[in-house]
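Here the structure is laid out as structure tokens; the discussion comes afterwards.
All chains are named by letter (A, B, ...) in the order of the sequence lines, taking the proteins before the strands, and each is independently numbered beginning at 1.
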2 protein chains.
Amino acid sequence: MVDVARLAGVSLKTVSRVVNGEPHVQRAMADRVLAAVAELGFQRNHMASALRAGRPSATIGLIIEELANPFYSTIAHVTAEMARERDTLLLSASSEEDPGREEQLLRDLCSRRVDGLLVVPAGCDHSFLHGQMELGIPVVFLDRPGTNIDADAVLLDNRGGAHSGVRRLVEQGHRRIGVLLDSVDVHTMRERLAGAQEALADAGIGYDGSLVRDGVRDPATAATAVAEMLAEPHPPTAFLTLNNRITVGAVQELWRRGSDAALVGFDDFELSHLMPRPLTVIAYDTRELARRATQLLFDRIDGDRSRPRTIVLPTDLVDRGLR
Amino acid sequence: MVDVARLAGVSLKTVSRVVNGEPHVQRAMADRVLAAVAELGFQRNHMASALRAGRPSATIGLIIEELANPFYSTIAHVTAEMARERDTLLLSASSEEDPGREEQLLRDLCSRRVDGLLVVPAGCDHSFLHGQMELGIPVVFLDRPGTNIDADAVLLDNRGGAHSGVRRLVEQGHRRIGVLLDSVDVHTMRERLAGAQEALADAGIGYDGSLVRDGVRDPATAATAVAEMLAEPHPPTAFLTLNNRITVGAVQELWRRGSDAALVGFDDFELSHLMPRPLTVIAYDTRELARRATQLLFDRIDGDRSRPRTIVLPTDLVDRGLR
DNA sequence: AGAGAGTATGACAACGTTGTCCAGCCGGTG
DNA sequence: CACCGGCTGGACAACGTTGTCATACTCTCT
């Protein structure tokens, strides 16, 4: 900027005024400045500008599980899109389910003075964010609530969704329902499992631990688990798969062995209607989830100081037949 | 930092030294500073720090088409991961195929003084990046080369891939091969089409414009196009679909009508092996594409001033049967 | 002609941090 | 005892920008 000022023969401040479109600069002088800007290829340093003016950095931070996962990349996309409408950019990072890493990323984002944080929490303690929130960096949790902190959260009705899925299976006469899940360490999974168990209880069906498989982290494991459960003396006649990776593995195994076991899966996914058998899924609107959370964050950034809210979005049982 | 210094009863610079782990500070004094830091919840302002020290911002920019698309989100993920190993964060934005928007995003990223740019170009003129590159912001193009600019690029062998796909169809005796593509405006598509036409020419098969359908942007359009082409007097006996959205639509239509037309699709995708019919696809390693580009960018950031390189990664014809 | 109001421009400090340099202190040396 | 060198700690300027205020000029109205 100093160079531009020198080349145009004006003061620093005049350049600043021209660059920022402030009034009170004569046309001729502005033209000289703009010519100098063009000649030197000057570009305003956004960081210095924000620093001096005490302005927001026009950047928000997003912490998700894993950017390559369609669920999270959809969130990132919606958020980035809404951010762009406010001339804000998105700093995104994946926690990979590692609480330590999540904390480090969050601190890193804060030290970059992002205007706000959107977090799909992996950690089990977010109290360290208190300070940042008091210092004016709002935080909105997404998909799972934060722990040890009173902050906004936008969640899915995981419990209700699983409940309705199991109810549908029970209505069709199933009483032995195998439940496959990723990990009870994840809040989402605990809620889904709880919803399923509530529905079973509602139907007067007692809990049978042998029908629940934890630690099913990929399609291959899901296929194996299905095979094992079907080989037992009293095999399940239906399955509830608590995420789409598990659903895919289970479908593949059921189809491979020509089993007529029923299946309901949590999460819809792009090609679910092209699976070898029609699939009933517990679906939800990922984009809406992201939209609501991002909107809430921007409201906070714009000064909304009302009490933290928790928004729970409904799920939708998409019935394409059970087998 | 001023507050911390006052509370600890030391000078500003001493706080800076402690916070940055510089030597030559006595243990007792450092402890006092750290206590003050903890009490005030002080966090270093990364932007001010980078500004003063003239240091890199530890941020890189990524411009892609659309973050929600698995191809691009995989790239974003790999890049973010490699960046994290260098304590660098990723600013990502989607151009949505809009050149104007791409340019604005690029300028915005530059004004934030990112250390480097990774770009899947949508625009048709990137000469405006010259200035930035001279000012020391390296740019690496990904998936498509930049235009009017001499910069690094990491590409796929689109031409060779389409060539091998068509050759396979020709080997099976097909002479009328329908080609469905998104848009010839996209460099990738042009290359794939050219590769297909070269393979036809190599086989002595003349060009027949009625066998090429442009503007097929989604599965539904693809299905319609397939239906129309099959209804013509001399219908194609095989199809080459130039991206996975088109492939999905075409497969669906072929399967629906029980057609025995052969099919080769460009792009593999997650559930391709679960499609209603086995699918032969021209696959490639998206992660490797991102890895190479990101590595190249970091090499440049680290001072590699050698001539711009263009790296072309091979494709792989994954044969799961043609019908 | 002079007051008053408004416009155009510039000098300077400040944002939060770090590089540079200098001063004081210590122990050891000639 | 004067001096040297290394270790500590602090004062100050600077990074690139903008807010504040002062100044100079122009115009209008009495």
Side-chain angles (χ1 to χ4, degrees), chain A residues 1-34 36-37 40-59 107-115 131-132 135-137, chain B residues 1-34 36-37 40-59 107-115 131-132 135-137:
Chain A
M1 209 152 168
V2 176
D3 297 336
V4 172
R6 190 157 37 218
L7 181 61
V10 299
S11 84
L12 206 54
K13 181 66 208 188
T14 301
V15 177
S16 171
R17 274 194 265 260
V18 172
V19 167
N20 291 291
E22 287 173 34
H24 307 310
V25 179
Q26 277 188 357
R27 187 55 153 285
M29 185 127 342
D31 288 345
R32 276 213 328 267
V33 171
L34 289 176
V37 164
L40 297 177
F42 167 81
Q43 193 143 26
R44 182 158 135 272
N45 183 328
H46 181 271
M47 287 169 38
S49 168
L51 174 63
R52 163 63 236 229
R55 271 196 303 237
S57 61
T59 309
R107 288 189 190 280
D108 208 350
L109 288 169
C110 288
S111 89
R112 279 176 166 77
R113 296 296 185 271
V114 291
D115 302 336
Q132 303 304 326
L135 262 74
I137 301 187
Chain B
M1 209 149 164
V2 176
D3 298 336
V4 172
R6 190 157 38 219
L7 181 61
V10 298
S11 85
L12 205 53
K13 180 65 206 190
T14 301
V15 177
S16 170
R17 275 195 265 261
V18 172
V19 167
N20 291 291
E22 287 173 33
H24 305 311
V25 180
Q26 278 185 359
R27 186 54 153 286
M29 185 126 342
D31 287 346
R32 275 208 335 261
V33 171
L34 289 175
V37 164
L40 297 178
F42 167 80
Q43 194 145 25
R44 182 158 135 270
N45 184 329
H46 182 269
M47 287 169 38
S49 166
L51 174 63
R52 164 61 238 228
R55 271 196 303 235
S57 61
T59 309
R107 288 187 190 281
D108 207 350
L109 288 170
C110 288
S111 90
R112 279 177 166 77
R113 297 297 186 270
V114 292
D115 302 336
Q132 302 305 326
L135 262 73
I137 301 188

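- In this structure, A:Leu51 and B:Asn45 have side chains that are in contact, with non-hydrogen atoms separated by less than 4.5 Å.
- To the nearest 0.5 Å, atoms CE (A:Met1) and CG (A:Leu40) are separated by 12.5 Å.
- Counting only N and O atoms by type, the side chains of A:Ser57 and A:Arg112 include no donor and acceptor under 3.5 Å apart.
- Between A:Met29 atom CE and A:Ser11 atom OG the span is 9.0 Å, to the nearest 0.5 Å.
- Remark: B:Met47 CE to A:His46 NE2 distance equals 7.0 Å, nearest 0.5 Å.
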- Which nucleotides of nucleotides 17-28 of chain D have their base under 4.0 Å from a protein heavy atom (B), which only their sugar-phosphate (S), and which neither (-), written as one string 5' to 3'? BBBB--------

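- Between B:Leu40 atom CG and C:dG16 atom P the separation is 14 Å, expressed in whole Å.
- The distance from the OG1 atom of B:Thr14 to the CD atom of B:Glu22 is 10.0 Å, given to the nearest 0.5 Å.
- Atom-to-atom distance recorded for B:Thr59:OG1 and B:Asp115:CG is 6.5 Å, nearest 0.5 angstrom.
- Taken residue by residue, residues 24-32 of chain A places no heavy atom nearer than 4.0 Å to DNA chain D.
- The terminal axes of the helix from C:dA1-D:dT30 to C:dG30-D:dC1, fitted over 5 pairs per end, subtend an angle of 70° to the nearest 10°.
- Along DNA chain D, the nucleotide nearest to B:Pro23 and the one nearest to B:Leu51 differ in position, and the one closer to the 5' end is contacted by B:Pro23.
- Exactly one residue among A:Asn20, A:Val15, A:Val37 makes a side-chain contact (heavy atoms from CB on, under 4.5 Å) with A:Arg44. That residue is A:Asn20.
- For D:dG10, the OP1/OP2 oxygens have a side-chain nitrogen or oxygen of B:Thr14 closer than 4.0 Å.
- B:Arg55 approaches B:Ser49 most closely through the heavy-atom pair NH2-OG, 2.5 Å.
- Note that the CG atom of A:Asp108 and the CD atom of B:Gln43 stand 8.5 Å from one another [nearest 0.5 Å].
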